[in-house]
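From a predicted model like this one, the values you see are computed outputs, not experimental measurements.
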Protein chains: 2
Amino acid sequence: MIILAPIMTELELYIHSSFGILEKKELSKISELFEYSKLKKGDFLLESGQKCNKLSFIQSGLLRMFALVDGNEITQWISTKGYFATDLASFVHEKSSRLAIHALVDTELYSISKENYDKIGEIVPQWHALEKQFIINCFITLEDRVFSHLSMSAEQRYQLFFENNKTLFNEVPLQYIASMLGMTPETFSRIRKNNIS
Amino acid sequence: MIILAPIMTELELYIHSSFGILEKKELSKISELFEYSKLKKGDFLLESGQKCNKLSFIQSGLLRMFALVDGNEITQWISTKGYFATDLASFVHEKSSRLAIHALVDTELYSISKENYDKIGEIVPQWHALEKQFIINCFITLEDRVFSHLSMSAEQRYQLFFENNKTLFNEVPLQYIASMLGMTPETFSRIRKNNIS
DNA sequence: TTAAACTCTTGATATTTGTCAAGAGGATTT
DNA sequence: AAATCCTCTTGACAAATATCAAGAGTTTAA
């Protein structure tokens with residue numbers, strides 16, 4: 001892969017903010033492991049039932065992960081620029097995915113195969129520590145999310161999420177956010193009416 | 001710490017099943033990093049607001065993690081023999097804990113400090129791989145749990161959990177399981193009445 | 001071994017949230 | 001520019017779940 005300015009920016013930013021500056025040589029070695037691709041709005045990165053054999057770093061755009069349950073789309077998560085997207089269970093255990101991933105807008109990705117992913121740690125030993133930190137943070141985020149379902153009403157979940165993700169509300173269909181928060185679009189709409197601000 | 005038979009059994013079992021047999025010397029070095037302790041039923045391993053500065057391996061017994069919200073105890077999780085218990089957010093980021101952890105029955109623990117925990121990887125390099133695997137599995141478990149709140153009714157969550165955790169139902173007050181599944185004890189009781197088996 | 005404290009259940013009722021149906025406004029396509 | 005599809009809203013109603021209150025068994029503690 002040719003090292004493009006964009007990936008240097010986003011990925012570098014990510015790595016830099018995590019464990020400082022790397023040798024240019026190392027950074028280029030890492031970025032060579034990734035493959036650039038584009039998705040048009042609506043394109044699928046992963047279809048339900050497939051094996052998710054790559055991890056994708058979002059250079060720009062938005063991805064939605066969802067599953068089909070009884071004819072209803074359940075939105076698990078929406079991933080934004082600067083984050084990774086994958087079905088971790090499928091990626092790690094090489095089993096078919098319950099989730100589909102599609103692009104909510106035109107999206108640029110840098111994707112890495114499982115095989116290449118394992119090479120990162122060989123190139124940059126600090127990677128393992130970063131990776132661990134990253135997964136732990138994902139874990140904590142999910143723990144908070146479970147907690148919100150145990151202790152909060154739909155309205156409270158809405159308010160908390162709105163405070164922390166205001167920009168997302170202008171970027172994606174609200175029905176997806178509703179689903180992600182565990183409520184119907186109708187309930188979501190009514191809650192919004194009571195929270196005009 | 002003197003290496004007792006019990007920790008050899010449970011911890012060894014855990015490590016063995018994960019990455020095979022270690023040199024006895026290494027295993028003993030690891031277990032020396034842990035400290036044995038006992039909790040009586042009702043004793044607290046961690047009180048809400050404290051920093052959780054250790055990770056505890058449960059040799060025997062049961063621990064419940066919960067938070068107090070508006071005077072209601074929200075049970076986040078119940079940990080059993082052979083698993084670790086900690087407030088990961090507090091342990092990793094050294095901030096005060098939202099959760100309290102107490103013993104539901106007399107419980108034996110092997111606890112390790114953050115400082116000593118980091119030494120494990122120095123003694124057994126494979127530890128990092130195991131640790132990563134472990135955290136990922138926890139992540140996947142939580143992801144499934146979130147999914148259950150997005151796509152399932154209280155009754156379905158009950159049924160799923162019951163199928164996978166039948167023994168727990170005879171070991172702990174059911175109200176804790178109800179809370180952990182995100183419903184009141186009354187709803188839980190009514191669901192059980194409809195699921196006599 | 002009695003009293004107190006838990007734990008679970010059940011009923012009556014209130015609240016929250018979902019379902020169904022219809023329509024308005026925007027965006028996209030032809 | 002019209003037709004079509006999306007997206008969001010709203011209303012009426014239904015279903016799921018919570019709340020409150022009381023009571024019956026159990027367990028725990030004095």
Side-chain angles (χ1 to χ4, degrees), chain A residues 40-43 62 64 66 69-75 78 102-106 146-162 166 168-197, chain B residues 39-44 62 64 66 68-75 78 102-107 146-162 166 168-197:
Chain A
K40 284 274 172 203
K41 176 177 177 177
D43 286 352
L62 291 165
R64 179 173 75 110
F66 66 96
V69 179
D70 302 331
N72 278 85
E73 286 186 359
I74 306 291
T75 297
I78 294 169
H102 77 166
L104 292 178
V105 297
D106 292 356
V146 167
F147 194 74
S148 78
H149 283 278
L150 302 186
S151 66
M152 295 163 75
S153 67
E155 180 151 6
Q156 289 172 313
R157 291 200 302 279
Y158 167 83
Q159 287 165 343
L160 181 63
F161 189 80
F162 180 69
K166 283 186 175 160
L168 196 61
F169 284 67
N170 301 314
E171 297 175 334
V172 307
L174 299 178
Q175 54 183 311
Y176 298 151
I177 298 178
S179 171
M180 204 168 123
L181 293 175
M183 65 189 82
T184 60
E186 293 94 335
T187 294
F188 189 85
S189 175
R190 291 184 177 110
I191 287 172
R192 274 172 76 72
K193 196 165 63 168
N194 298 334
N195 286 264
I196 28 168
S197 55
Chain B
L39 293 177
K40 284 275 174 203
K41 176 175 176 177
D43 287 352
F44 280 78
L62 292 164
R64 179 173 75 110
F66 66 97
L68 207 62
V69 179
D70 302 331
N72 278 85
E73 286 186 358
I74 306 292
T75 297
I78 294 170
H102 76 167
L104 292 178
V105 298
D106 292 356
T107 297
V146 168
F147 194 75
S148 78
H149 283 278
L150 302 186
S151 66
M152 293 163 75
S153 67
E155 180 151 5
Q156 288 172 313
R157 291 199 302 279
Y158 167 84
Q159 287 165 342
L160 182 62
F161 189 81
F162 180 70
K166 282 187 176 159
L168 196 62
F169 284 67
N170 302 314
E171 297 175 334
V172 306
L174 299 179
Q175 54 182 309
Y176 299 151
I177 298 178
S179 171
M180 201 168 125
L181 293 175
M183 65 189 83
T184 60
E186 293 94 335
T187 295
F188 189 84
S189 174
R190 291 183 178 110
I191 286 172
R192 274 171 77 70
K193 195 163 67 167
N194 298 334
N195 286 265
I196 29 168
S197 54

### Message
Can you identify which nucleotide, out of dT10(C), dT10(D), dC8(D), has its nearest atom closest to the Arg190(A) side chain?
### Response
dT10(D)

## Note on the structure
dist Ile177(A):CD1 -> Glu171(A):CD (nearest 0.5 Å) comes out at 9.0 Å

## Note on the structure
Heavy-atom closest pair (Phe147(B) atom, Val69(A) atom, distance to 0.1 Å) is CZ-CG2, 3.7 Å

### Query
Which nucleotide sits closest to the side chain of Thr184(B): dG18(C), dT17(D), dT19(D)?
dT19(D)

### Integer-rounded Å distance: dC6(C) P and Tyr176(B) OH
9 Å

### Message
It should be established whether Lys41(B) places a side-chain nitrogen or oxygen under 4.0 Å from OP1 or OP2 of nucleotide dT28(D).
### Response
yes

### Task
Please work out if Gly182(A) contacts a base, only the sugar-phosphate, or nothing of the nucleic acid, heavy-atom cut-off 4.0 Å.
sugar-phosphate

### Query
To the nearest Å, how far apart are Ile191(B) CD1 and dT10(C) P?
14 Å

### Task
Would you kindly give the NZ-to-P distance between Lys40(B) and dT28(D), to the nearest whole Å?
13 Å

### Query
Which nucleotide in the list dC8(D), dG11(D), dT9(D) gets nearest to the side chain of Gln175(A)?
dC8(D)

### Task
Kindly compute the distance separating CD1 (Ile191(B)) from CZ (Phe162(B)), expressed to the nearest 0.5 Å.
13.0 Å

### Query
How long is the gap from CD on Glu155(B) to CE on Met183(B), to the nearest 0.5 Å?
9.0 Å

### Task
Check the side chains of Arg64(B) and Thr75(B) for a donor-acceptor pair under 3.5 angstrom, ignoring hydrogens and angles.
yes

### Message
Checking contacts here: which listed nucleotide (dT10(D), dT7(C), dT7(D)) is nearest the side-chain heavy atoms of Ser189(A)?
### Response
dT10(D)

### Given dT19(D), dT19(C), dT7(D), the nucleotide with the shortest approach to the side chain of Glu186(A)
dT19(C)

### Query
What integer distance in Å separates Asn194(A):CG from dT15(C):P?
15 Å

### Query
How close or far is atom C1' of dT17(D) from atom CZ of Arg157(B), stated in whole angstroms?
10 Å

#### Entry: Residues touching DNA chain C, which here means a heavy atom under 4.0 Å, drawn from residues 146-154 of chain A
Ser153(A), Ala154(A)

### Query
Can you say whether the rings of His102(B) and Phe44(B) are parallel (under 30°), tilted (30 to 60°) or perpendicular (over 60°)?
tilted

### Query
Can a side chain N or O of Lys193(A) be found less than 4.0 Å away from OP1 or OP2 on dT10(D)?
yes

### Message
I need the CG-P distance between Asp70(B) and dT19(D), as an integer number of Å.
### Response
10 Å

### Summary
With sequence neighbours left out, the residues meeting ring pair (Phe, Tyr, Trp, His ring centres under 6.0 Å) with Phe161(B) are none

### Summary
Ile74(A) atom CD1 is separated from dG18(C) atom P, nearest whole Å, by 11 Å

### Query
Expressed in angstrom and rounded to an integer, what is the separation of Glu155(A) atom CD from dA18(D) atom C1'?
16 Å

